[in-house]
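Okay, structure first, notes after.
Heavy atoms only: backbone and side chains are in, while hydrogens, waters and symmetry mates are out. Residues take their numbers from the sequence shown, with the count starting at 1.
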Amino acid sequence: LLAAEGDEDVRATAVVRYEPGSGFARRAHPQGEKIVVLEGEFADEHGTYPAGTYIRNPPGSGHSPRSRAGCALFVTPWQPHDDDPGREVVRPSDRRWGPGLVGGLEVLALDQFGGSRTALVRWAPGTSFARHRHFGGEEIFVLEGTFQDEFGDYPRGTWLRSPHLSTHQPFSKEGCLIFVQVGHLL
């Protein structure tokens, strides 16, 4: 468990590990959820998802999650929006990278609603980004390599949540791949 908010309707951010052959009965997601498959293979009644897959289950959805071979997931609550288009799955074979704001960055936009954006961002070795402020905060999960800023080094598996109006100057000496959400922590 990385973070939990709320009393009765808890919204949790977590890394979840499934042992081989494990699963759950149908689970409802009143607030929705976002999942990144970190290792192994995840499945539900909608399909099977290899490592590197992004899944967005919208508010009011539900599924019966399981894993035949075992897996690890990064799971974070979805922030409901009136213009939510529904469920989305992006497998590694579906990825279409675009250029980032500076050389050395590649971005795969996953969703954008109001002031909230979610993306995968690939940093080439030696890439630096200007100091900037995050209106609505920022949440990062390091998927590969080491992400860095003036506050420290964050290797694979590190989760960072920075509050509304936080600032930093990120870089990556060795290169990295991050899952990033911005603007969702107001």
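Other residues sharing the hydrophobic cluster of Leu165, ordered by chain and number and joined by side-chain separations under 4.5 Å: Phe135, Leu186. Residue Phe24 shares its hydrophobic cluster (ILVMFWY side chains chained together at separations under 4.5 Å) with Val16, Tyr18, Ile35, Val37, Phe42, Tyr49, Ile55, Leu73, Val75, Val89.
Taking a cutoff of 4.0 Å between a charged side-chain nitrogen and a carboxylate oxygen, Arg122 and Glu144 do not qualify as a salt bridge. We find that Glu150 and Arg131 are joined by a salt bridge, their nearest charged nitrogen and carboxylate oxygen being less than 4.0 Å apart.
Annotation: side chain of Pro65 is in contact with side chain of Arg27 (closest heavy-atom distance under 4.5 Å). Taking 4.5 Å as the limit, every side-chain heavy atom of Phe147 sits out of range of all side-chain heavy atoms of Ser172. Looking at His63 and Glu33, their side chains come closer than 4.5 Å, going by heavy atoms from C-beta outward. The closest side-chain heavy-atom distance from Arg156 to Thr146 is not below 4.5 Å.
Nearest heavy-atom pair, Leu110 versus Glu88, reported as atom, atom and distance to 0.1 Å: O-OE1, 3.6 Å. Residue Ala3 comes nearest to Arg161 through the heavy atom pair CB-NH1, 3.7 Å, listed as atom of the first residue, atom of the second, then distance.
Proximity of a side-chain donor or acceptor of Thr53 to a complementary backbone N or O of Pro50 within less than 3.5 Å is detected.
Taking the centre of each ring, Phe141 and Phe179 stay at or above the 6.0 Å mark.
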